[in-house]
Amino acid sequence: MSEHIEQPEERQRRLARLQQLQSEGRDPFAIERYERTHLAQEVVDASADHWTLPEEEAKALSFRLAGRVTSQRSKGKTAFYDIRDGSGRIQLYIRKDDLGEQAFEDCLALDLGDIIGVEGFAFKTRTGEPSIHVREIALLSKPLRAVPFGKIDAEGKVHSGLSNVEDRYRYRYLDLLVNPEAKAVLTKRCQIVSAMRRFLDGEGFLEVETPTLQEVAGGAAARPFMTHHNALKHDFKLRISLELPLKRLIVGGYDKVYEIGRVYRNEGIDTQHNPEFTLMELYQAYANLEDVMELVESMYASIAQTVLGTTVLEIQGETVDFAQRPWKRLPMLEGIHQNAGIAPEEMTNLETAKAACERIGVPFALEKENTLGGLIEKLHEVYTQPKLIQPTFITDFPIETSPLAKKRPDNPALTRRFEVYIGGAELGNAFSEINDPIDQRERFEGQLAQRAAGDDEAHPMDEDFIRALEYGMPPTGGLGIGIDRMVMVLTGAESIRDVILFPLLRPGH
RNA sequence: GAGAGUAUAGCUCAGUCGGUAGAGCACCGCCCUUUUAAGGCGGGUGUCCUGGGUUCGAGUCCCAGUGCUCUCACCA
């Protein structure tokens with residue numbers, strides 16, 4: 001196992017250098033601030049004014065920058081260093097006859113990762129590289145561990161450095177420091193969340209916060225985490241969705257609310273799942289499923305335009321344009337008919353549906369399927385979902401798997417629900433919400449029966465929620481979007497861990 | 001939860017038939033006043049994941065364990 005923790009000799013060397021500086025009264029950790037006049041990118045920028053000045057005037061200018069040493073190339077009585085700050089990289093040019101013996105020796109004693117401040121003037125080398133000709137240099141922080149900056153070749157490809165997958169997640173600060181692509185993706189995530197907030201605020205939604213510690217963890221099919229409150233001597237569950245508190249707020253008279261928050265599901269970990277992930281849910285009174293579809297379409301287009309600068313993306317070899325509306329709508333049973341060759345008439349009861357599955361030779365075990373709705377969703381996932389590269393709303397989910405969505409008036413086996421798919425991934429889930437307390441109670445009771453039959457992810461009864469509905473909730477459209485998945489699609493990330501700053505890892509290091 | 005792969009220097013990795021540890025980068029020393037994956041000369045810094053076993057001898061073979069990666073199951 002690779003470890004940046006144990007590097008005794010490296011550490012000893014750096015510690016000795018630090019102690020030497022401290023004994024000379026030059027403790028870098030005693031420094032509190034460094035006045036900067038420029039960021040690296042501002043100096044490098046080809047259109048910057050300082051590049052047009054005559055040489056003498058250019059030399060008279062003063063630039064003060066600070067950053068990490070990422071590369072050093074010493075050549076006897078001169079040396080080139082690269083430093084990087086939040087804006088980018090710039091080269092430093094250092095001459096012994098400018099700095100004097102002591103300062104030049106100090107420079108040669110620098111390590112990759114040292115944080116320095118420099119003062120000098122801007123010029124371009126013979127090869128045309130924008131650089132700072134350094135007149136003063138100050139060590140601002142001395143790392144005691146080797147910072148694994150790799151080498152960057154002519155194509156900009158990073159060599160060595162930090163590539164071990166586990167280390168990248170475990171020591172994310174190093175990943176951010178030495179792998180620019182990793183930082184770019186994670187920064188985009190933050191910008192996507194910010195753009196989503198601005199979009200929803202602009203649509204008149206109010207951002208609210210609801211409890212993460214709950215007596216009944218509902219709103220989704222998942223096993224919760226448990227925790228304990230000492231003073232109340234009571235076990236609470238961590239929320240698995242945002243749904244039920246938000247709908248209580250609709251009952252309370254808020255017409256448009258949303259929450260962006262962390263939820264926790266006690267499930268396995270893989271490239272698509274992290275036990276804690278971020279969900280955005282919104283509820284809009286007096287709106288139905290079709291209203292929510294339009295909201296999803298314009299929200300995606302808005303966020304993509306804001307963060308990526310375009311609504312057109314290449315996803316799995318296909319060109320996808322979020323701005324091309326309306327997105328496709330496809331009833332689930334129709335999708336299964338097209339992609340699996342099982343007609344809707346065959347899926348009116350579990351026996352005929354299973355027979356049809358045997359006819360086409362499904363690649364999963366039929367014994368485990370004990371509800372018609374569950375089997376239909378399974379067929380959808382296996383046969384239809386991988387083909388949904390272009391943005392598509394799958395509608396008319398079976399009632400057994402949709403305990404919070406209104407029934408279709410013309411077919412009570414199906415619900416007023418959609419999931420939105422892009423690039424074969426499920427990116428949103430929406431209902432015309434049940435506001436009939438009698439219907440809601442029956443649905444929960446149906447879930448309790450499934451739970452009794454061994455499904456420990458079936459929805460629990462929530463008496464207080466039904467009580468809220470009994471005081472009256474307007475017709476309401478609701479939407480849930482998994483932020484992490486959405487970021488994966490928008491950034492092309494292959495693992496959910498690449499879009500979470502600190503993904504959950506097994507403890508023990 | 002199941003299966004497969006993998007674990008050697010700070011990092012990335014090689015290590016043949018079982019014979020006592022190797023490369024590049026990083027690091028240390030010397031040289032070099034516009035280099036850029038700078039270059040030249042010299043230096044190996046190691047609990048070969050852990051614990052057993054086979055053997056005269058194990059990085060290598062066997063057993064068990066652990067971490068990680070991938071696939072599957074569950075899920076968004």
Side-chain angles (χ1 to χ4, degrees), chain A residues 1-14 70-82 89 91-99 104 108-109 111-113 123-129 131 133 145-170 174 178 219-223 240-241 263-280 363-365 368 377-378 381 419-421 425-429 455-457 480-486 488 494-497 505-509:
Chain A
M1 221 168 324
S2 53
E3 279 290 344
H4 300 278
I5 300 258
E6 301 303 331
Q7 10 179 351
E9 304 203 3
E10 180 73 21
R11 196 182 161 86
Q12 283 307 316
R13 208 193 92 246
R14 288 161 180 264
T70 59
S71 167
Q72 44 188 335
R73 301 174 292 283
S74 77
K75 293 172 45 68
K77 297 188 178 62
T78 69
F80 291 90
Y81 288 82
D82 291 347
R89 183 198 72 93
Q91 174 169 272
L92 307 178
Y93 177 52
I94 290 163
R95 296 171 62 100
K96 188 173 185 177
D97 51 14
D98 289 336
L99 288 186
F104 192 73
L108 295 184
D111 290 302
L112 293 189
F123 79 110
K124 286 186 180 170
T125 63
R126 275 177 203 157
T127 55
E129 168 128 8
S131 309
H133 190 128
R145 300 173 188 275
V147 181
F149 285 112
K151 295 224 165 185
I152 301 170
D153 67 18
E155 287 93 55
K157 194 179 166 208
V158 177
H159 294 260
S160 76
L162 181 76
S163 61
N164 178 284
V165 176
E166 195 208 346
D167 285 352
R168 286 190 42 220
Y169 300 136
R170 196 172 292 282
L174 288 180
V178 307
R223 280 173 295 180
I240 59 173
S241 86
V263 299
Y264 307 85
R265 299 189 183 174
N266 213 332
E267 303 288 351
I269 300 172
D270 59 37
T271 56
Q272 305 291 312
H273 299 86
N274 195 60
E276 54 177 313
F277 64 101
T278 305
L279 209 51
M280 187 287 289
F364 54 86
K368 289 165 65 180
E377 272 206 42
K378 182 86 180 171
E381 282 166 25
E419 283 187 351
V420 58
Y421 292 85
E426 192 225 307
L427 291 176
N429 183 18
D455 179 1
D456 54 5
E457 291 181 353
I481 287 184
I483 298 290
D484 313 83
R485 294 273 176 86
M486 178 180 188
M488 287 173 71
E494 288 176 2
S495 169
I496 197 167
R497 291 174 160 191
L505 298 171
R506 191 182 297 269
H509 282 259

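In the text below, chain A, chain B and the rest are named by the order of the sequence lines, each starting its count at 1.
- Among the atoms of the strands shown, only primed sugar atoms or phosphate atoms (P, OP1, OP2) are found under 4.0 Å from some heavy atom of A:Arg497.
- Residue side chain A:Asp455 does not reach the base of B:C74 through any donor-acceptor N/O pair under 3.5 Å, judged by distance alone.
- Across all strands shown, the partner of B:G42 is B:C28, judged by Watson-Crick or G-U wobble contacts whose two distances both fall under 3.5 Å.
- Note: CZ (A:Phe364) to P (B:A73) measures 11 Å, nearest angstrom.
- With both pairing distances under 3.5 Å, B:A9 is matched to nothing as a Watson-Crick or G-U wobble pair.
- Using a 4.0 Å heavy-atom cutoff across all strands shown, A:Gln91 reaches at least one base atom of the nucleic acid.
- Base pairing of B:C72 is made with B:G1, judged by Watson-Crick or G-U wobble geometry with both donor-acceptor distances under 3.5 Å.
- Looking at residues two or more places apart in sequence or on another chain, you find a salt bridge (Lys or Arg N to Asp or Glu O under 4.0 Å) between A:Glu419 and A:Arg417.
- Here A:Phe80 does not pack flat against the base of B:A38, since the 5.5 angstrom centre distance and 30 degree tilt limits are not both met.
- The side chain of A:Glu426 sits closest to B:A76 out of B:U34, B:U35, B:A76.
- Judged by Watson-Crick or G-U wobble contacts below 3.5 Å, the nucleotide B:G65 has B:C49 as its partner.
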Are there any protein N/O atoms within less than 3.5 Å of an N/O atom in nucleotides 27-30 of chain B, and if so, which ones and at what distance?
from	atom 1	to	atom 2	distance (Å)
B:C27	O3'	A:Arg13	NH1	3.3
B:C28	OP1	A:Arg13	NE	2.9
B:C28	OP1	A:Arg13	NH2	3.0

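- Between the side chain of A:Asp82 and the base of B:U36, no donor-acceptor pair of N or O atoms lies under 3.5 Å.
- Not a single donor-acceptor pair, N or O on each side, falls under 3.5 Å between the base of B:U36 and the side chain of A:Ser71.
- Of the candidate nucleotides B:C74, B:A76, B:U36, B:A76 has the atom lying nearest to any side-chain atom of A:Phe277.
- With both pairing distances under 3.5 Å, B:C17 is matched to nothing as a Watson-Crick or G-U wobble pair.
- Side-chain atoms of A:Thr78 lie closest to B:U33 of the nucleotides B:U35, B:U33, B:C74.
- Taking atom C1' in both B:U45 and B:G5, one finds a spacing of 31 Å when rounded to whole Å.
- As rounded to whole Å, 8 Å separates atom P of B:A76 from atom CD of A:Glu419.
- Regarding contacts with the backbone of B:U35, every side-chain N or O of A:Lys124 stays at 4.0 angstrom or more from both OP1 and OP2.
- Not a single donor-acceptor pair, N or O on each side, falls under 3.5 Å between the base of B:U34 and the side chain of A:Glu129.
- As the counterpart of B:U33, no nucleotide is assigned, since no Watson-Crick or G-U wobble pattern has both distances under 3.5 Å.
- Within the structure, every side-chain polar atom (N or O) of A:Lys75 is placed at least 4.0 Å from both OP1 and OP2 of B:C32.
- Between the NZ atom of A:Lys77 and the P atom of B:C31 there is a distance of 8 Å, given to the nearest Å.
- Interface remark: the A:Arg73 side chain does form a donor-acceptor pair with the B:U35 base, using a distance-only criterion of under 3.5 Å.
- With RNA chain B read from its 5' end, the first of the two nearest nucleotides for A:Tyr169 and A:Glu276 is the one closest to A:Tyr169.
- Here, B:U55 and B:U60 have their C1' atoms 13 Å apart, quoted to the whole Å.
- Note on A:Ala221: only backbone sugar-phosphate atoms sit closer than 4.0 angstrom, heavy atoms only; bases stay farther off.
- Across B:A26 and B:G39, the matching P atoms stand 8 Å from one another, rounded to whole Å.
- Residue-level contact check: A:Asn274 touches the bases, meaning some heavy atom is under 4.0 Å from a base atom.
- Among the protein residues, A:Asp270 comes within range of the nucleic acid bases, having at least one heavy atom under 4.0 Å from a base atom.
- Contact annotation: A:Arg95 does not reach the phosphate of B:U34 (side-chain N/O to OP1 or OP2, under 4.0 Å).
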